[in-house]
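As structure tokens, the structure follows; a few thoughts come after it.
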Amino acid sequence: MNVKEHIHNVLEQVIKRNPGELEFHQAVKEVLETLEPVMSRRPEYVEANILGRVVEPERVIIFRVPWQDDRGKVHVSRGFRVQFNSSLGPYKGGIRFHPSVTQGIIKFLGFEQIFKNSLTTMPLGGGKGGSDFDPKFKSEPEIMRFCQSFMTELQRHIGADTDVPAGDIGVGAREVGFMFGQYKRLQNEFTGVLTGKRINWGGSLIRPEATGYGAVYFAQEMLKAKNDNIEGKTCVVSGSGNVAQHTAEKLIELGARVVSLSDSDGAIYDPAGIDLEKLRFVMQLKSIHGGRIREYAERFKGVEYLQGSRPWIIECDCAFPSATQNEISLADAQVMCANGCRLICEGANMPTEPGAINLALSSGGLFGPSKAANAGGVAVSALEMSQNSMRLKWSREEVDQKLQNIMKAIHIQCVEAAEEYGMEGNLVAGANIAGFVRVADAMLDQGVV
Ligand code: NDP
């Protein structure tokens, strides 16, 4: 069987075995399509059916999460943990609370996580979890009861050397705290079983900032390779949560002009630029579950609110999609290209649709894929695990320096892998290949398991 046929068969099998899981199909297709030259050069991967194995999660856990709201009404949410691949270390990946969460969404995120974690070169397997629970407009006691119920089941399946969850959409330090508290109570142990903890009880400095800062460091590396710099660039950022806020913060610090943020209801356009003071307002606003970005336009003069719109219609040099998957369509990318956007750096996971990625790459723009560009979050989570194991705490400067080095190293790996396999400048292929090869080699070493 030739390599093309092998890849085609694996993809067909994924579609057949996982009906309706469109995002998972999309994520697998994107990776597999770029692996042809690797599979051709490494027949032992085909022989050992590495692809057939890597697309199948090692374990999928689905569970009932009953909880009571403040009026005493009983609700039932669904919990998921996909333990996808442990060839490089304990499963590692965030937990997402959002009504759109399904098994397919968690599988796509878990699959991406395998290669992202591999790119960090740290000892991390890939996993992801979540629930269709919607934290928006819930009281703090409701969120606490939900987190406790979620962890009451999840605690059986995780552990500091088994599976180490973190935050994602709808899960920040507060939710991690509630889950950690319940884990500790049930297991009677204080270990680094979750990352993204608050700094005063085991968290790492720079962890909240890491994904956003890391994405900007990655963009800097892409620009540096072209003898360019982020300073003075007009940037649009989508989302207004953890990743978007810290992306904007680092961009502002480095002298870029950030003119937009958004949420699921709309986007704001601030032609004067968002400064650190205005950003503090957004951070405050979003610290309450359900705070709306519309209020930014009401608070500051000269700001336009684009109801129901994403920020891609706004003219910019660089775009940082930092909200959710598939938020840049081909049509959006066409508008962005026409408006002169020359760099897309993915802070969110898989925010750009395949057609839009192809357009960005073929038009000669710079494209930083999420596996590489947003790996700063999980990398600092790994640093948090190290600090927890050693029972010590590194300074802000130390962690930030390590993060910068990691993002540089990831960029180099992507560039070199793309070059080695004849796809120079294509960091999507570079990230997939560099991430995959490390996992595939470990799987070969560990036998058919
Ligand atoms: P947050 O919950 O802090 O913020 C999410 C933001 O995205 C909010 O502004 C939210 O708006 C918006 N959003 C969520 N869903 C949608 C949707 N369906 N349509 C439009 N807007 C939406 O999450 P994070 O910032 O942590 O995560 C953002 C992205 O970054 C995700 O793709 C996540 O997987 C990825 N990521 C996060 C990491 C982390 O360390 N936190 C690490 C690596 C990747 P609203 O308030 O209206 O819901």
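Each residue takes its place number in the sequence, starting with 1. Counting convention: from 1, in listed order, for ligands and their atoms alike.
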Next on the checklist: If I apply the N/O under 3.5 Å rule, does N242 come out as touching ligand 1?
Outcome noted: yes
Item to check | Nearest-contact summary for atom 19 (N) of ligand 1 - protein heavy atom, Å | outcome: T324 CG2, 3.7 Å
Item to check | Test item, R310 contacting ligand 1 (heavy atom, 4.0 angstrom) | outcome: no
Checklist entry - What is the ring orientation for W67 with H75, classed by angle as parallel under 30°, tilted 30 to 60°, or perpendicular over 60°? => result parallel
Next on the checklist: If only side-chain N and O atoms count, and only distance matters, is there a donor-acceptor pair under 3.5 Å linking E353 with S329?
Outcome noted: no
Checklist outcome for this item: To atom 12 (C) of ligand 1, the nearest of A210, A323, G130 on a heavy-atom basis is A323
Next on the checklist: Does any N or O of ligand 1 fall below 3.5 Å from an N or O anywhere on V243, backbone included?
Outcome noted: yes
Item to check | Contact check, R292 vs ligand 1, heavy-atom distance below 4.0 Å | outcome: yes
Checklist entry - Should M350 be listed as contacting ligand 1, given a heavy-atom distance under 4.0 Å as the test? => result no
Item to check | Mode of K286 contact toward ligand 1 - side chain, backbone, both, neither (heavy atoms, under 4.0 Å) | outcome: side chain
Item to check | Ligand-residue contact atoms, ligand 1 with G170, heavy atoms, under 4.0 Å | outcome: 2 (O)
Checklist entry - Out of L109, V380, T211, V378, whose heavy atom sits nearest atom 40 (O) of ligand 1? => result T211
Item to check | salt bridge (charged side-chain N to carboxylate O under 4.0 Å, His left out) between R64 and E153, intermediate numbers included | outcome: CA-CA 8 Å; R64 179 173 74 189; E153 175 58 33; over 6 Å; no
Next on the checklist: Within a 6.0 Å radius of atom CG on N229, are there more than 12 heavy atoms belonging to other residues, nucleotides or ligands?
Outcome noted: yes
Item to check | Row check, F300 ring normal vs K278 NZ/CZ: under 6.0 Å, within 45° | outcome: yes
Checklist entry - If hydrogens are left out, which of A244, S264, S262 has an atom nearest to atom 20 (C) of ligand 1, that is, the closest non-hydrogen atom? => result S264
Next on the checklist: Heavy-atom count check: over 12 atoms from other residues, nucleotides or ligands less than 6.0 Å from R292 CZ?
Outcome noted: yes
Checklist entry - Are V54 and F84 close enough that some pair of their side-chain heavy atoms sits under 4.5 Å apart? => result no
Next on the checklist: For atom 6 (C) of ligand 1, tell me which residue out of S100, G212, G241 has the closest non-hydrogen atom.
Outcome noted: G241
Checklist entry - Which atoms of ligand 1 have any heavy atom of R207 under 4.0 Å away? => result 40 (O)
Checklist entry - Nearest non-hydrogen atom to atom 9 (O) of ligand 1 belongs to which of P99, A215, A379, S240? => result S240
Checklist entry - Does the protein place any heavy atom closer than 4.0 Å to atom 17 (C) of ligand 1? => result yes
Checklist entry - Are any of the N or O atoms of D168 closer than 3.5 Å to those of ligand 1? => result yes
Checklist entry - atom 30 (O) of ligand 1: which of A348, S370, G266, G239 has the nearest heavy atom? => result A348
Item to check | Test of ring centre spacing under 6.0 Å for F190 and F180 | outcome: yes
Checklist entry - For ligand 1, is any non-hydrogen atom under 4.0 Å from N349's backbone (N, CA, C, O), its side chain (CB onward), both, or neither? => result both
Checklist entry - Against heavy atoms of K136, which atoms of ligand 1 measure under 4.0 Å? => result 45 (P), 47 (O), 48 (O)
Checklist entry - Would you call the rings of F436 and F115 parallel, tilted or perpendicular if under 30° counts as parallel and over 60° as perpendicular? => result tilted
Checklist entry - Are K138 and F133 in a cation-pi contact, defined as NZ or CZ under 6.0 Å from the six-membered ring centre and within 45° of the axis? => result yes
Checklist entry - Is the number of heavy atoms from other residues, nucleotides or ligands within 6.0 Å of CD (Q284) greater than 12? => result no
Checklist entry - Is the closest side-chain donor-acceptor distance between N349 and Q113 under 3.5 Å? => result no
Checklist entry - Of all the atoms in ligand 1, which lie at a distance below 4.0 Å from a heavy atom belonging to R96? => result 31 (C), 32 (O), 33 (C), 34 (O)
Next on the checklist: Looking only at protein heavy atoms, which one is nearest to atom 23 (O) of ligand 1, and what is the separation?
Outcome noted: I169 CA, 3.4 Å
Next on the checklist: Within the 4.0 Å heavy-atom shell around S322, which atoms of ligand 1 are there?
Outcome noted: 28 (C), 29 (C)
Checklist entry - Parallel, tilted or perpendicular for H411 and F218, by the 30°/60° rule? => result perpendicular
Item to check | Side-chain H-bond candidate by donor/acceptor type, N432 with E30, under 3.5 Å | outcome: yes
Checklist outcome for this item: re atom 15 (N) of ligand 1, the protein heavy-atom contact at minimum distance is H98 NE2, 3.5 Å
